[in-house]
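First the structure, in the form of structure tokens, and then the observations on it.
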Amino acid sequence: EAQVTQNPRYLITVTGKKLTVTCSQNMNHEYMSWYRQDPGLGLRQIYYSMNVEVTDKGDVPEGYKVSRKEKRNFPLILESPSPNQTSLYFCASRPQGVGQETQYFGPGTRLLVL
Amino acid sequence: AQSVSQHNHHVILSEAASLELGCNYSYGGTVNLFWYVQYPGQHLQLLLKYFSGDPLVKGIKGFEAEFIKSKFSFNLRKPSVQWSDTAEYFCAVNPRPPGNTGKLIFGQGTTLQVKP
């Protein structure tokens with residue numbers, strides 16, 4: 001089944017404790033992206049990747065890192081989480097070509113930083 | 001700056017009522033337009049999209065949307081809602097090249113509650 005998976009789905013952590021949220025897609029998509037969803041703000045892009053080893057900042061990149069060493073994986077790293085990073089996180093992927101701009105979303109990771 | 005605005009933040013309807021959710025965007029160039037739905041506890045699913053051609057597009061579950069270029073709008077409609085349509089609805093815009101980073105710019109979301 002074609003899908004985007006994220007792990008963990010729920011995470012409670014404390015301020016300053018490094019964490020990684022994994023994202024994997026099995027559709028051979030070039031483009032992958034991370035969003036955070038906050039009430040009243042919709043989804044905002046954190047980072048995106050056009051292909052392996054090609055990443056760039058989205059609208060709200062502060063406090064986050066990403067890497068794209070393999071086409072299928074796009075982990076989101078919080079080096080020193082803070083309470084303002086408490087949010088619902090979505091990973092998404094899509095093919096790169098024109099007319100292929102529909103993004104497919106993972107199930108989400110709900111993060112609470114104490 | 002590019003932005004998407006959804007006019008209604010919370011809509012409450014009775015079953016069989018008609019639905020229209022407003023969406024306007026600010027971007028002078030060509031765009032791809034989307035409506036996503038998020039059912040309680042689930043991830044975002046694509047309802048419908050517009051890339052080009054007929055500005056009236058039909059999606060899943062009886063939803064449709066009309067792109068009005070002169071008004072920078074992409075409103076979502078459904079003639080008769082069901083209780084199972086209770087969800088959060090997001091309008092999103094993908095500006096096309098130049099400067100296309102593939103980013104989706106989302107509206108704030110509209111929570112639809114359908115009473116049985």
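Residue numbers start from 1 in every chain, and the chains themselves are labelled A, B, ... in the order their sequence lines are given, proteins ahead of strands. Bear in mind that the values here come from a model prediction, so they are computed numbers and not experimental data.
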| B:Leu104, part contacting chain A, at a heavy-atom distance under 4.5 Å | both

| said: Side chains of B:Leu112 and B:Leu13, heavy atoms from C-beta outward: is any pair under 4.5 Å? | reply: yes

| Connected via hydrophobic side-chain network under 4.5 Å: B:Phe106 and A:Phe90 | yes

| Within the distance-only criterion (no hydrogens, no angle test), does the side chain of B:Gln2 pair as donor or acceptor with the backbone N or O of B:Pro95 below 3.5 angstrom? | no

| field | Toward chain B, the part of A:Gln6 with a non-hydrogen atom under 4.5 Å | value | neither

| Considering only heavy atoms, which portion of B:Glu88 lies under 4.5 Å from any heavy atom of chain A: side chain, backbone, both, or neither? | side chain

| task | Between chain B and each of A:Asp56, A:Asp59, A:Leu88, count heavy-atom pairs under 4.5 Å; write down the option with the most. | result | A:Asp59

| message | With clusters defined by side-chain heavy atoms of hydrophobic residues (ILVMFWY) lying less than 4.5 Å apart, directly or transitively, does A:Val66 cluster with A:Leu78? | response | yes

| request: Check whether A:Ser33 gets within reach of chain B through its side chain, its backbone, both or neither, counting any heavy atom under 4.5 Å. | output: neither

| Do B:Leu33 and B:Ile60 share a hydrophobic cluster, counting only Ile, Leu, Val, Met, Phe, Trp and Tyr and linking them when any side-chain heavy atoms are less than 4.5 Å apart? | yes

| Region of A:Leu41 that comes under 4.5 Å of a non-hydrogen atom in chain B | backbone

| request: Answer with side chain, backbone, both or neither: which region of A:Asp38 has an atom nearer than 4.5 Å to a non-hydrogen atom of chain B? | output: neither

| task | Measure B:Gln38 against the heavy atoms of chain A and call it side chain, backbone, both or neither at under 4.5 Å. | result | side chain

| message | I'd like to check A:His29 versus A:Tyr104 (side-chain heavy atoms, cut-off strictly below 4.5 Å). Are they in contact? | response | yes

